[in-house]
Amino acid sequence: MTATNVNGTATERPPVFSVDGLWKVFGPKAGRVPADPELTALTPAELRSRTGCTAAVRDVSFDVRKGEVFVVMGLSGSGKSTLVRCLTRLIEPTAGSIAIDGEDVRAMDKSRLRELRRHRAAMVFQHFGLLPHRTVLDNVAYGLEVQGVGRAERRERAAAVVAKVGLEGLEHRRPGQLSGGQRQRVGLARALAVDPEVLLFDEPFSALDPLIRRDMQEEVVRLHREEGRTMVFITHDLQEALKLGDRIALMRDGRVVQLGTPEEIVGSPADDYVRAFVRDVPREQVLTVRTAMRPAADADEAGTGPAVRPEATVSEAIEAVARAGSAARVMDGGRCLGVVDAGDLLGVVAGTAVPEERPEGAAVLPGEAELPKEAV
């Protein structure tokens with residue numbers, strides 16, 4: 001499997017979490033539902049009427065690759081929070097398989113589950129759950145205390161993480177003396193302090209004011225850029241998903257209706273539901289130059305115009321072309337992949353341009369052909 005990193009480069013990365021055919025059904029006959037094709041074909045309302053059951057997660061499959069930010073997005077009731085809790089069995093799945101680094105999570109005994117939750121996958125919730133009588137430093141060190149780390153070591157490690165998330169100087173304050181954004185940073189620092197392999201975020205910023213929320217999103221972007229830590233991020237906010245996600249799984253009624261990169265989700269929505277979701281997204285801020293570029297007819301057309309990277313956004317390329325008053329060269333490592341001019345770029349923004357030929361490495365536009373999607 002290939003993935004796209006923050007620079008838009010296709011890379012091969014092993015999965016950390018692998019989920020296959022996952023179901024979570026609540027109700028008196030929960031175990032029957034995943035095994036009965038007649039029941040699995042019912043709509044949520046029909047399933048409730050016939051069995052009294054609710055299928056919060058319905059036959060979901062995906063891999064979370066090492067080092068990526070994997071976003072699960074959906075409206076309230078779509079099953080996204082249930083899904084993330086199933087990953088560490090905070091909620092017991094009804095059917096399907098979950099593996100972390102190849103180890104069967106559903107087969108883990110209580111001891112292995114404690115190891116998973118304390119050392120390998122740390123959760124950051126919307127409600128911070130801070131201990132009001134403890135200082136910032138001792139709240140951050142709490143997970144290390146649970147692990148049995150000595151007092152001096154855990155306070156030293158906690159202090160380093162406090163500085164990393166921008167709370168230096170506030171170590172001795174208590175949660176009641178902090179703003180909402182500062183409290184959320186404490187929650188993030190507490191998760192980071194145990195040095196987990198995976199960070200699991202369950203709508204952590206949804207209760208924050210817009211400006212504080214943006215700051216926290218920037219903090220996640222910065223931490224990911226610096227550490228490359230694997231993250232699974234749950235949100236109902238499309239802009240947040242597009243900003244943070246290397247890939248996005250969009251859920252509806254317990255199912256994943258599309259899984260892809262932000263560019264695939266916006267540029268080639270899988271159905272009318274996804275199309276409605278992304279309708280108001282500024283395409284030029286998500287789609288990249290790869291979507292718009294075409295081969296230069298000759299060396300003269302390539303010319304000496306401004307150079308843009310293939311992973312630059314269309315918006316960035318529009319600015320470069322406007323400033324230069326000429327077509328831009330799409331350059332990668334000193335090699336010219338193609339060119340883009342104002343017409344190419346505006347056609348992508350409008351969703352109408354379909355160039356006749358594509359240079360190597362160019363993306364496919366909606367309407368040309370289906371972008372590859374991972375069926376879930």
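By convention here, the first residue in the shown sequence is residue 1. Keep in mind the model is a prediction, meaning the values are calculated, not measured. Heavy atoms only: backbone and side chains are in, while hydrogens, waters and symmetry mates are out.
Residue pairs meeting the side-chain hydrogen bond (donor to acceptor under 3.5 Å, both in side chains) criterion with at least one partner in residues 195-209, sequence neighbours excluded, are S81-D202, R85-D202, Q126-S206, D195-R229, E203-H236. Residue pairs meeting the ring pair (Phe, Tyr, Trp, His ring centres under 6.0 Å) criterion with at least one partner in residues 179-209, sequence neighbours excluded, are F201-F233, F205-F233. Pairs of residues two or more places apart, or lying in two chains, that qualify as ring pair (Phe, Tyr, Trp, His ring centres under 6.0 Å) and include a residue from residues 242-290 are Y273-F277. The ring pair (Phe, Tyr, Trp, His ring centres under 6.0 Å) pairs that include a residue from residues 148-200 number zero, where partners must be two or more places apart or lie in different chains.
Between the side chain of R117 and the backbone N or O of T88 there is at least one donor-acceptor pair closer than 3.5 Å. For S78 (side chain) and L75 (main-chain N/O), a donor-acceptor pair under 3.5 Å exists by modelled atom type. In this structure, E264 contributes its side chain and T261 its backbone to a donor-acceptor pair below 3.5 Å. Formation of a donor-acceptor pair under 3.5 Å by the T54 side chain with backbone atoms of A56 is not found in this model. When atom types are taken as modelled, the side chain of E319 and the backbone of E316 share no donor-acceptor pair closer than 3.5 angstrom. Of the possible donor and acceptor atoms, none in the side chain of R157 sits under 3.5 Å from a partner among the backbone N and O of A141. Judged purely by atom type and a 3.5 angstrom limit, E46 uses its side chain to pair as donor or acceptor with the backbone of T43. Side chain of T51 to backbone of L47: a donor-acceptor contact under 3.5 angstrom is found.
Residues R174 and L130 are not in side-chain contact: their nearest non-hydrogen atoms beyond the backbone lie 4.5 Å or more apart. The closest side-chain heavy-atom distance from S315 to P282 is not below 4.5 Å. Residues L22 and C86 form a side-chain contact, since some pair of their non-hydrogen atoms from C-beta on lies under 4.5 Å apart. Contact of the V136 side chain with the L178 side chain is registered, since non-hydrogen atoms from C-beta on lie closer than 4.5 Å. Residues V19 and S61 are not in side-chain contact: their nearest non-hydrogen atoms beyond the backbone lie 4.5 Å or more apart. Taking the side chain as every heavy atom from C-beta outward, M293 and D344 never approach each other to under 4.5 Å. The shortest distance between side-chain heavy atoms of V194 and R118 does not fall below 4.5 Å. At least one side-chain heavy atom of V232 sits under 4.5 Å from a side-chain heavy atom of V198.
Between V161 and A189, the closest heavy-atom pair is CG1-O, 3.3 Å. Residues D237 and Q239 come closest through the heavy atom pair OD1-N, 3.0 Å. Taking both residues in full, the closest heavy atoms of P262 and V286 are given as O-CG1, 3.6 Å, listed atom of the first, atom of the second, then distance. The two atoms that bring V105 and L87 nearest to each other are CG1-O, 3.6 Å, heavy atoms only. Scanning all heavy atoms of the two residues, the minimum distance from V140 to A158 falls at CG1-CB, 3.8 Å. Of all heavy-atom pairs between T94 and R106, the closest is O-NH2, 3.7 Å.
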Side chain to side chain contact (heavy atoms under 4.5 Å, CB included) assessment of L170 paired with L167: CA-CA 6 Å; L170 303 179; L167 291 175; 3.8 Å; yes

Pair T230-E68, side-chain hydrogen bond (donor to acceptor under 3.5 Å, both in side chains): steps then yes or no: CA-CA 5 Å; T230 307; E68 80 171 328; over 6 Å; no

CA sep, side-chain torsions, deciding dist, call: L200, V124, side chain to side chain contact (heavy atoms under 4.5 Å, CB included): CA-CA 6 Å; L200 306 174; V124 183; over 6 Å; no

Steps toward salt bridge (Lys or Arg N to Asp or Glu O under 4.0 Å) verdict (R134, E145): CA-CA 13 Å; R134 291 195 172 207; E145 182 180 345; 2.8 Å; yes

Criterion salt bridge (Lys or Arg N to Asp or Glu O under 4.0 Å) on R65 and D246, from CA distance to verdict: CA-CA 10 Å; R65 299 162 185 156; D246 292 315; over 6 Å; no

Audit row: L238, V278, side chain to side chain contact (heavy atoms under 4.5 Å, CB included) steps and yes/no: CA-CA 8 Å; L238 177 61; V278 303; 4.2 Å; yes

Full working for side chain to side chain contact (heavy atoms under 4.5 Å, CB included) between V281 and L242: CA-CA 10 Å; V281 173; L242 295 173; 3.8 Å; yes

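Other residues, nucleotides and ligands place more than 12 heavy atoms under 6.0 Å from the CD atom of Q147.
Distance check, rounded to the nearest 0.5 Å: CD1 of I98 to OG of S18 gives 10.5 Å. If you take CD1 on I212 and CD on Q182, they are separated by 8.5 Å, rounding to the nearest 0.5 Å. Separation of atoms CE (M251) and CD (Q258) is listed at 14.0 Å; rounding is to 0.5 Å. Note that CZ of R183 and CD of Q177 are 11.5 Å apart. Values are rounded to the nearest 0.5 Å. Put simply, NZ on K80 and CG on L250 are 10.0 Å apart, with the number rounded to the nearest 0.5 Å. Here the CZ-CD distance, from R283 to E263, works out to 9.5 Å after rounding to the nearest 0.5 Å.
By the rule that hydrophobic residues join a cluster once side-chain heavy atoms approach within less than 4.5 Å of another member, L223 and V71 end up as members of one cluster. Placement of M108 and F17 within a single hydrophobic cluster is found when ILVMFWY residues are connected by side-chain heavy-atom separations under 4.5 Å, directly or transitively. At a threshold of 4.5 Å between side-chain heavy atoms, the hydrophobic network of Ile, Leu, Val, Met, Phe, Trp and Tyr places V149 and L116 in two separate groups. No continuous path of ILVMFWY side-chain contacts below 4.5 Å connects L144 to L199, so the two sit in separate hydrophobic clusters. Placement of F125 and V84 within a single hydrophobic cluster is found when ILVMFWY residues are connected by side-chain heavy-atom separations under 4.5 Å, directly or transitively.
Checking E171 against T135 by side-chain atom types alone, no donor-acceptor pair falls below 3.5 Å.
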Solution key, residues 214-221 side-chain donor-acceptor pairs under 3.5 Å, sequence neighbours excluded:
from, atom 1, to, atom 2, distance (Å)
Q217, NE2, E240, OE2, 2.7
E218, OE2, K243, NZ, 2.9
E219, OE1, R185, NH1, 3.2
E219, OE2, R222, NH2, 2.4

Identify all side-chain donor-acceptor contacts of residues 23-39 below 3.5 Å with residues at least two apart in sequence or on another chain.
from, atom 1, to, atom 2, distance (Å)
K24, NZ, E92, O, 2.8
D36, OD1, E38, N, 2.9
E38, OE2, R50, NH1, 2.7

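For an aromatic pair to be called close, the ring centres must be under 6.0 Å apart, and F70 with F62 satisfies this.
Comment: R294 engages D341 in a salt bridge, judged by a side-chain N to carboxylate O separation of less than 4.0 angstrom. With respect to the salt-bridge test (charged N to carboxylate O, under 4.0 angstrom), the residues R112 and E103 qualify. With salt bridges taken as basic N to acidic carboxylate O contacts below 4.0 Å, none links E115 and R120.
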